[in-house]
Amino acid sequence: MKNQFQVYNTLSRKKEVFKPLHPGKVGLYVCGPTVYGKAHLGHARPAVTFDLLFRYLKHLGYKVRYVRNITDVGHLANDADEGEDKIAKKARLDELEPMEIVQIYTNDYHKNMEKLNVLPPSIEPRATGHIMEQIATVEKILDSGYAYESNGSVYFDVEKYAKDHPYGQLSGRKIEDMQSNTRALEGQDEKHSPLDFAIWKKAAPEHIMRWSSKWSDGFPGWHLECTAMSSKYLGDTFDIHGGGMDLIFPHHEAEIAQSKAAFGHNSVRYWMHNNMITLNGQKMGKSLGNAISLDDFFDGNHPLLEKAYTPMTIRFFMLTAHYRSTLDFSNEALQAAEKGLERLLKAVETLEQIQPDKQSTINITELKSKCYAAMDDDMNSPIAIAHLFDGVKIINSISDKKASISSTDLEELKSLYATFIFDLFGLQKVETKSDSNSSAYEGAIDLLLQLRMEAKANKDWATSDKIRDELTKLGFEVKDTKDGFSWELK
RNA sequence: GGUCUCUUGGCCGAGUGGCUAGGCAGCGGUCUGCAAAACCGCGUACGGCGGUUCGAAUCCGCCAGAGACCUCCA
């Protein structure tokens, strides 16, 4: 199949045909979470978005090295380059070691990503595990002349850099505007300009997360870790860098400047950014206090949630919107997604039971190429899903004997659905347990429904309806079929 | 205040200079003892006002509203 996979590059602001640096191989770096709190719906968006990218690239035959970091130091809680480290702050509040905090929330993140069926990345480096590399990167930047030491801290010299190189390209802002608009913050006399950002920060005496360096006992600046770790594992030029749109400025802009200073050229070939999840039209963010944790979604334990939602509902919900669009959370939308997913998965089951005919009255090749065309168009998962729903009608019609399918087409259709729904979209069927207990229980329900069949045959509608209605009350869905019945526990 | 983006039918969400997705909800029909499920049909939406055009929801301008970034955030 000839694929022209196009991705939207934030840097050029247009869709570009994706061509890897090295044929057959892709280097992908995505900004992971800062682990100082529970994973929330906002974390799931980039995870699912870039999981889809990871899966699609692999499906296209690329060997992908996917690096997604864990930020466990350097991310400050307050205004730029001042204030407490996020991890250290949480550690102080909870009376734990910073690394205990890191472990607790890294575990929480992993647990939830697994539930969402987000594949683990190839490498998941931690900032604290790469202090040496970050110190080396600081040295390179100092050597380039685009950084200066001040009172034990090292700052990136944005104004000097901006004279020689474009600064602000990714976020589309001009240095002059930034200079006139930057808020004056206290305690920044160490910096030449408020635009400068720390790449190494001297630790205050009470600061517990600290490492020694030639400049001071301190810690690396937040932006630095991604530059140091991406270059270590993917080389100083690599294919795709992803993350949330809120990271474009200053984080990714700073990364561009750092790598240009350290390596003399741009590192990233394609910048991809997912949009935000909104709640009542406003961004869902930890700092805004409106982030709902993934645990809450799965348990239904939150005042804003009408019920619990399964990880697959959340995942499908995200895939029904394009990754570059904001997606507004609501119970109504989530429940619509839940039912839609159910319809889709039921069709996959139906597909398994379809018997082929001599000829097809339907066009599978066309359906297939439409699905791929949607994915090739900057991963337009909502369009691909729409086509899959068109296919659901086809599947159900065949099942109802209103259309027919040849055995070749049937295999093609099965493979298409398996590929898109399970391999690419990463959706999973609800597991039905088949141990000895459950087979006994299934036998009992079957027995009841057999009795109902007999009642029906005798036109004993009262008994028949009683069995069905009581089972319905218990949460079973009973359906009459051509040759008998079917049931499932809702 | 600066920069940028968005505004689609009851809800969610694609898309795009003419052929006007899809899901959920709703209505009508087929099937069924009745249901459920499924299938068929139905709603002609694109913030407002102008302009460009043979033709705009899609391009341009203005207005209104919302949001994002500018400070930590996925």
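Note on naming: letters A, B, ... go to the chains in the order of the sequence lines (proteins, then strands), and numbering restarts at 1 for each one.
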(request) From the options A/Ser122, A/Pro125, A/Ser230, A/Cys226, select the one residue that forms a side-chain contact (heavy atoms from CB on, under 4.5 Å) with A/Val67. (result) A/Pro125
For nucleotides [N] and [M], find the distance between their [atom1] atoms and express it as a whole number of Å.
N: B/C62; M: B/G23; atom1: C1'; result: 36 Å
N: B/A45; M: B/C40; atom1: P; result: 24 Å
N: B/G43; M: B/C19; atom1: P; result: 16 Å
N: B/G15; M: B/U53; atom1: P; result: 29 Å
N: B/U7; M: B/G13; atom1: P; result: 11 Å
N: B/A35; M: B/C12; atom1: P; result: 33 Å
N: B/A66; M: B/U8; atom1: C1'; result: 15 Å
N: B/U30; M: B/A37; atom1: C1'; result: 13 Å

Donor-acceptor pair, side chain of [X] and main chain of [Y], under 3.5 angstrom:
X: A/Asp72; Y: A/Val102; value: no
X: A/Gln134; Y: A/His130; value: yes
X: A/Thr361; Y: A/Ser404; value: yes
X: A/Glu16; Y: A/Gln6; value: no
X: A/Asn107; Y: A/Gln103; value: yes
X: A/Tyr417; Y: A/Leu388; value: yes

Rounded to the nearest angstrom, tell me the gap between atom [atom1] in [X] and atom [atom2] in [N].
X: A/Glu255; N: B/A74; atom1: CD; atom2: P; answer: 14 Å
X: A/Phe389; N: B/C39; atom1: CZ; atom2: C1'; answer: 16 Å
X: A/Arg13; N: B/C4; atom1: CZ; atom2: P; answer: 9 Å
X: A/Asp390; N: B/G23; atom1: CG; atom2: P; answer: 7 Å
X: A/Tyr167; N: B/U3; atom1: OH; atom2: C1'; answer: 15 Å
X: A/Asn331; N: B/G23; atom1: CG; atom2: P; answer: 22 Å
X: A/His252; N: B/C4; atom1: NE2; atom2: P; answer: 21 Å
X: A/Glu253; N: B/U71; atom1: CD; atom2: P; answer: 13 Å

(request) Mind telling me whether A/His252 and A/His273 have parallel, tilted or perpendicular rings, with 30° and 60° as the class edges? (result) tilted
(request) Do nucleotides 32-38 of chain B as a string where each nucleotide becomes B, S or -: B if the base has a protein heavy atom under 4.0 Å, S if just the sugar-phosphate does, - if no protein is that close. (result) -BBBBSS
For [X], report the nucleic acid contact type (base, sugar-phosphate, nothing); a contact means any heavy atom under 4.0 Å.
X: A/Lys339; value: sugar-phosphate
X: A/Gln282; value: sugar-phosphate
X: A/Met276; value: base
X: A/Gly244; value: sugar-phosphate

Can you tabulate the close N/O pairs, meaning under 3.5 Å, that link protein atoms to atoms of nucleotides 6-14 of chain B?
residue, atom, partner, partner atom, Å
B/C11, O2', A/Glu332, OE1, 3.2
B/G13, OP1, A/Asp328, N, 2.8
B/G13, O2', A/Thr320, O, 3.4
B/A14, OP1, A/His322, N, 2.8
B/A14, OP1, A/Ser325, OG, 2.9

(message) Reading RNA chain B from 5' onward, which residue's closest nucleotide shows up sooner: A/His251 or A/Lys174?
(response) A/Lys174
(message) Contact between A/His251 and A/Asp246 at the side-chain level, heavy atoms closer than 4.5 Å - yes or no?
(response) no
(request) Evaluate the side-chain proximity of A/Glu342 to A/Lys346: yes if any heavy-atom separation is below 4.5 Å, no if none is. (result)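 A/Lys346 vs A/Glu342: side chains touch.
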Is the NZ or CZ atom of [X] both under 6.0 Å from the centre of the six-membered ring of [Y] and within 45° of that ring's axis?
X: A/Arg452; Y: A/Phe485; answer: no
X: A/Arg324; Y: A/Tyr8; answer: yes
X: A/Lys286; Y: A/Tyr36; answer: yes

(request) Give each stem of RNA chain B as a range with a range, requiring at least 3 consecutive Watson-Crick or G-U wobble pairs whose two distances are under 3.5 Å. (result)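 Stems (3+ consecutive pairs) listed as B:1-7 with B:64-70, B:10-12 with B:22-24, B:26-30 with B:38-42, B:47-51 with B:59-63.
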